[in-house]
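Residues take their numbers from the sequence shown, with the count starting at 1. This one's a predicted model, so the numbers in the text were calculated from it and none came from an experiment.
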Amino acid sequence: MDRNQATGLILFAAVLLIYSFFFSSPEPVTDEQNTTTTEVQSTPESQAKPQETLSLPDSIQALQNQQQFGEFSTAASGKEEMVSLENDLVKITFSSKGGEIKNVELKEFKTWAKEPLILLDEQSASIDYQIQTSKGPLSLNQFFFTPSKSTTTVDETAAQQLTFTAKTASGSIKRTYTLADGKYILSQNIATSGLNSLTDQSITINWQDKLKRQEADIKESRRKTYINFYTSEGDYDYLSASSDTDQEQVANPVKWVAFKQRFFTSGLIAENQFSSTNLEQVVPTDTMSIKDMSATLALDLNNGQANNSYYFGPNNYKILKKVTPDFERNVDMGYFFVSWVNKYIIVNLFHVLEKFFSNYGIIIVLIVLIIKLFLFPLTYKSYIGMAKMRVIKPEIDQLKEKYGDDPTKMQQEQMKLFGQLGVSPISGCLPMVLQMPFLFAMFFFFPNSIELRQESFLWASDLSTYDSIINLPFTIPLYGNHVSLFTLLMTVSQIVYTRFNNQLTAAQGPMKNLGYIMPVTFMFVLNSYPAALSFYYFVSNMVTFGQQALIKQFVDDDKIREKVEANKKKNANKKKSKFQARLEEAMKAAESNKKKK
């Protein structure tokens, strides 16, 4: 204990003694008073009445504040007041105690129960800014600030500004929040001046949030809720979405951290960087929250100034892209080989159609038609390739009868036959492969598209989740406890399409049955996926079926046969290509090595 602390304690004890001597000495009790007191004490009502708690005199409280907070003691007492900033999209409520965010409401959205969508409140979340002083770490939430509101402009857009000021013995702390019209971004500036007891030029931010449940399907919500972060070096990463408990000390300076839910995100963004970061997420055992998340970040003070911002809003790709670099990655667009389809084609096409149509079921149908029209040349080539294979099936059957016991020779003769007839065995498959990125892209787009949230179509009340026509009293493994009609329609349409396709290709053996296994498998997989995805695949199957039926009317197998025969005569004396010769040599070498073994 140093000299100053010892002096302070002595003064504190002296004041307590003086107070107890002059103000707390009991007055003599008369017989009348004694009788009255006895009667009151014996009354049941008086026994139930709680005793009043005496508050410390201002002088004593001031001494305690001085001991605990030092130069910040003048800001340690006051009256809490709630103040709000709001625009047409969001309403953010602050407390003057700490100048901190207490509540965030997204005004354009509702929860699955049709209640106001509160993204953050003081019952489920806490944000705490701490400064390092000679008295140890002090939270700004311990100090009372004086609020003042004003208007300003940000990038030529009208904005509201809320400034919280806390006076200290030697200086002040100011927290200035700015919310522009039509934006989900809340900017913050922290300014300190004349603070003599700061021991570290950084602010520690502790953010804990029990993410509130916003959707009916809690299982799917938890699967798509996790912490994303982006380093100042330009690297995007996230904590494991599948882990019940995940904690990570991020070594690199971080640009932003996001508590990403399925359709909404709360993000904290540094103007420059957070110098150190620790992140944690836990899956709770109850259903009161989706996941419990926490982030501890260090924000440096440069010349007494620090700037950061918050994002409280929807996971809309177009909106997130304008927030900060790579913030749009809070919307999962899929793996790199399909994400380009969503980012550059589907998202833009979707938003264009939104301008003309309000029914999202119609929009999905139009997206199918536009994509199918765009890919029609590939569909046509695929059909012609399968038709050629169907036409030359008799020749292939003859080779099987002749060389069925010698697989190597069979393959060699098949390659020779294909070369003579001018037919490629992959001509029917390659166009289909080129269409696969569009099919896989939808697998990521629809489950993550907030535009479909709470949008109804036909019997589906919400296209962003499964459509249940029957709720089962039991759970079927890998299927669920409900029946999705769109998924059933998709399965039936895929089986019909497979049967039609087998007739086109004259498929036999295992390949013929494989086409029927896949639809049944997807019936189990997609039963709990969004109705929009199953509806898209159903419409896509029906349009593809119609395209092939139309092409069949204009493609004559006899003409294809004539063309194949013409190629056969033309290539009768044609030399083998270098590729074909090398392929045959490789096949012979492989067969020779097999016999030696």
Next item on the list: Would you kindly check if the NZ (Lys) or CZ (Arg) of R175 is within the cone defined by 45 degrees around the ring axis of Y129 and under 6.0 Å from the six-membered ring centre?
Entry: yes
Checklist line | Output field: ring centroids Y311/W256 closer than 6.0 Å | finding: no
Item checked: With K183 via side chain to side chain donor-acceptor pair (under 3.5 Å) - residues at least two apart -> none
Margin query: Could you check whether T225 and Q261, counting side-chain N and O atoms only, form a donor-acceptor pair closer than 3.5 Å?
Written below: no
Note to self: Ignoring hydrogens, what is the shortest heavy-atom contact between F164 and S96? Give both atom names and the distance.
What the structure shows: CE2-CA, 3.8 Å
Notebook entry, point to check: So, do Y479 and F524 have ring centers that fall under 6.0 Å from each other?
Noted result: yes
Checklist line | Ion pair check, K212 and D121, cut-off under 4.0 Å | finding: yes
Next item on the list: Over 60° means perpendicular and under 30° means parallel, so classify the ring planes of F312 and Y310, tilted if in between.
Entry: parallel
Notebook entry, point to check: What is the minimum heavy-atom distance between G194 and S170, and which atoms define it?
Noted result: O-OG, 2.7 Å
Checklist line | Proximity of Y537 and F522 rings by center, below 6.0 Å | finding: no
Notebook entry, point to check: Below 4.5 Å, heavy atoms only, C-beta onward: do V331 and N342 meet side chain to side chain?
Noted result: no
Check: In a check of side-chain hydrogen bond (donor to acceptor under 3.5 Å, both in side chains) between Y360 and each of E455, E451, E354, which one passes?
Finding: E354
Note to self: Holding to side chain to side chain contact (heavy atoms under 4.5 Å, CB included), I want the full list of residues that pass it with K167, two or more places apart in sequence or in another chain.
What the structure shows: T165, S172
Notebook entry, point to check: Does NZ in K322 sit with more than 12 non-hydrogen atoms of other residues, nucleotides or ligands closer than 6.0 Å?
Noted result: no
Margin query: Could you check whether any side-chain heavy atom of D237 comes within less than 4.5 Å of a side-chain heavy atom of T231, counting everything from C-beta outward?
Written below: no
Next item on the list: Kindly indicate whether the side chain of L85, heavy atoms from C-beta on, has any atom under 4.5 Å from the side chain of K149.
Entry: yes
Margin query: I'd like to check E215 versus I290 (side-chain heavy atoms, cut-off strictly below 4.5 Å). Are they in contact?
Written below: no
Notebook entry, point to check: OH/Y238 to CG/N228 distance, rounded to the nearest 0.5 angstrom?
Noted result: 9.0 Å
Next item on the list: Check S540 against L439 and note the closest heavy-atom contact, atom names and distance.
Entry: OG-CD2, 4.4 Å
Next item on the list: For atom NZ of K343, decide whether the heavy atoms of other residues, nucleotides or ligands shown that lie under 6.0 angstrom number more than 12.
Entry: yes
Margin query: Strictly by ring pair (Phe, Tyr, Trp, His ring centres under 6.0 Å), give each pair with a member in residues 273-292 just once, sequence neighbours left out.
Written below: none
Next item on the list: Identify the two heavy atoms, one from K110 and one from Q454, that lie closest to each other, and give their separation to 0.1 Å.
Entry: O-NE2, 3.1 Å
Check: Which word best sums up how the rings of F438 and W340 line up, parallel for under 30°, tilted for 30 to 60°, or perpendicular for over 60°?
Finding: perpendicular
Check: What orientation do Y536 and F446 show, parallel under 30°, tilted 30 to 60°, or perpendicular over 60°?
Finding: tilted
Next item on the list: Measure the shortest side-chain to side-chain distance between W112 and D462 over non-hydrogen atoms and say whether it is less than 4.5 angstrom.
Entry: no
Note to self: More than 12 heavy atoms of other residues, nucleotides or ligands under 6.0 Å from OH of Y236: yes or no?
What the structure shows: yes
Notebook entry, point to check: Taking only residues two or more places apart in sequence, or in another chain, which ones meet K107 in a salt bridge (Lys or Arg N to Asp or Glu O under 4.0 Å)?
Noted result: E86
Next item on the list: Taking the side chain as every heavy atom from C-beta outward, state whether E328 and D326 have any atom pair closer than 4.5 Å.
Entry: yes
Check: Crowded around M82 CE? As in, over 12 foreign heavy atoms under 6.0 Å?
Finding: yes
Notebook entry, point to check: For N527 and Y466, does a side-chain donor sit closer than 3.5 Å to a side-chain acceptor?
Noted result: no
Notebook entry, point to check: Side chains of T265 and N315: do they bring a donor and an acceptor to under 3.5 Å?
Noted result: yes
Margin query: Please tell me whether S202 and D200 have a donor and an acceptor in their side chains that are separated by less than 3.5 angstrom.
Written below: yes
Next item on the list: Classify the ring geometry between F94 and Y177 as parallel (under 30°), tilted (30 to 60°) or perpendicular (over 60°).
Entry: tilted
Item checked: Criterion side-chain contact (heavy atoms from CB on, under 4.5 Å) on I131 and F72, from CA distance to verdict -> CA-CA 11 Å; I131 54 177; F72 300 95; 3.8 Å; yes
Margin query: Determine whether D332 and N448 satisfy the following criterion, side-chain hydrogen bond (donor to acceptor under 3.5 Å, both in side chains), listing intermediate values before the conclusion.
Written below: CA-CA 7 Å; D332 186 3; N448 297 297; 4.7 Å; no
Notebook entry, point to check: Listed by chain and number, what are the salt bridge (Lys or Arg N to Asp or Glu O under 4.0 Å) partners of D209, not counting sequence neighbours?
Noted result: none
Notebook entry, point to check: Y335: what forms a ring pair (Phe, Tyr, Trp, His ring centres under 6.0 Å) with it, not counting sequence neighbours?
Noted result: F444
Next item on the list: For S187 and S309, test the side chains for any donor-to-acceptor distance below 3.5 angstrom and give the result as yes or no.
Entry: no
Item checked: Any donor-acceptor N or O pair under 3.5 Å, side chains Q130, D128 -> yes
Item checked: Sole candidate of F264, F263, Y184 that passes ring-ring contact (aromatic ring centres under 6.0 Å, His included) when paired with F109 -> F264
Check: Would you say the side chain of S528 lies within less than 4.5 Å of the side chain of E220, judging by non-hydrogen atoms?
Finding: no
Next item on the list: Flag yes if more than 12 heavy atoms outside N303 fall under 6.0 Å of its CG atom; otherwise flag no.
Entry: no
